[in-house]
Amino acid sequence: MQRTTMIYVRISSDREGRRLGVERQEEACRALAAMLGWKVVRVYEDNDRSATREKDPPNYTAMIRACERGEANAIIVAKVDRLHRQLWKFAPFMKWRKQRGIAFATTEGDNTETSDGRFILNIKASMAEAEAERISERTRAAVRQRALKGEFHGGSLPFGIDGDRERVHDELRYVSFWHHTTDAPRVKDAVRRVLAGESVYGIAKDFGMQRRTLKRALTNPAIAGLREYNGEHHPTPWKPIVEVDDWQRVVEILSDPERGTKEFNQRKYMLSGLVHCRCGHRMTCGSSVRTEGLTYECGKDKGGCGGTRIVMKPLEDYIAEQVFLVLDTPEVRQAIAAQESGDDPTAELRKAISDDERALQRLEDEYDDDKLPEARYRRRRARLTDRLEANTKARDAALLARKRTNVPSGTKLRAVWNDRDNTWKRDMLTAVIDRIEIGPQPINPETGRLFTSAPPRRRGETEEAWRTRFDLHRAKVFSQRVTVTWLV
Ligand SMILES: [Zn+2]
């Protein structure tokens, strides 16, 4: 067989290595190649100091890749120890070259092409293998011991945990641990909120964190004071931030494959997306918490007119009340009963959505593993989320058409309303409401001035009496400000 060969030389920092200069290595290797009749393709050269101890030197790796691409079918080095700094690495190398039919020779007489040469090399390789086993046993034993003793295994600290490092046996190691002053409370808060049904996406947004970072932190046993080793849990050297039971429930919730879809639709506010300003802009939750709580605002920073604001909770109550009343009118009951349910037009959309969600997850994983440049990640993510949003909208519209046949009577709805979450409530609302428009604060015809948002309390008036008057006043104002476009 005609052999084409790579030559590999390495300058090592030890004295003998320096003596056996790189030129002499190359010269000897070329002479050997000529004697064997192998055609030299390329010479690869590495410097010992150019790589860490664990990693293979860069040009060694490049040579291996070139051989795998078929650019040569032999490798020549001066001595076996030129190939690898650690003897044990020689065994996997020999396996690799045998599988691919790559010849190997050294200027000391090792040669896989002769039976004597193969014999000697096999002995060297099995010695290397024995060394490898000893090393990995030692490493495994050390890791196991650390796990059993509840020591930190090294690397970066988990989210929520802080610590102090000290130099131990030539390396910096964490020796004491405590709860991180800002991250640990976040972990606690997030666990509580996930258990209460909130989406990781929403919580992460509140914290100014990436969803995947938070999800990873919450599913890490470290927050429950546990470390997984060989399928078993061992205690960590730090105190748990949350209860083990709570952590396990969070893991179950977050690994639910259905959750992806649910999360995407999870609504924080009952009326978001439905409430519009009279200027045509959609109103969103106000950034300022007023004395009366949250508001829907036509925010200037979000492209709105900035002129409209309405308190959230009273508006929600007002709308719900309208819905109960409307649903109990005979015309609406008839109209709902008349609508038929057909085949499921959402099946295809749902598949497209779950496919895209999985693609998004893969993309994030790739990005996490540093396999993707930032710009490309952002581009692809934007494309996926755009499509996801469009498909989700289309699916919601299709679902809506089916849902209307299942809307309960107003009386029934009123009875269960307060026990339901915002997503459910919103589903009901969007089944009957197309749009809610908020007008300006109306003018009081008696005074010719703007209605105040709250009537002043009269002298000697009881709290209860004032509240009743307040509610009436607000209902009057809302009836002028709020226009509901019904679907039924
Ligand atoms: Zn507006």
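Remember, it's 1-based here, ligands and their atoms both numbered in the order they're listed.
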State whether [X] and [Y] are salt-bridged, where the test is any N-O pair (Lys NZ or Arg NE/NH1/NH2 against Asp/Glu carboxylate O) under 4.0 Å.
| X | Y | result |
| --- | --- | --- |
| Lys313 | Asp317 | yes |
| Arg309 | Glu297 | yes |
| Glu71 | Arg42 | no |
| Glu364 | Arg211 | yes |
| Lys351 | Asp355 | yes |

What protein N/O/S atoms lie closer than 2.8 Å to the Zn ion (ligand 1)?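 Only Cys277 SG, Cys279 SG, Cys298 SG, Cys305 SG fall inside 2.8 Å of the Zn ion (ligand 1).
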When you measure from the side chain of His180 to the backbone N and O of Trp178, does any donor-acceptor pair fall under 3.5 Å?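 Checking the backbone N and O of Trp178 against the side chain of His180, no donor-acceptor pair under 3.5 Å is found.
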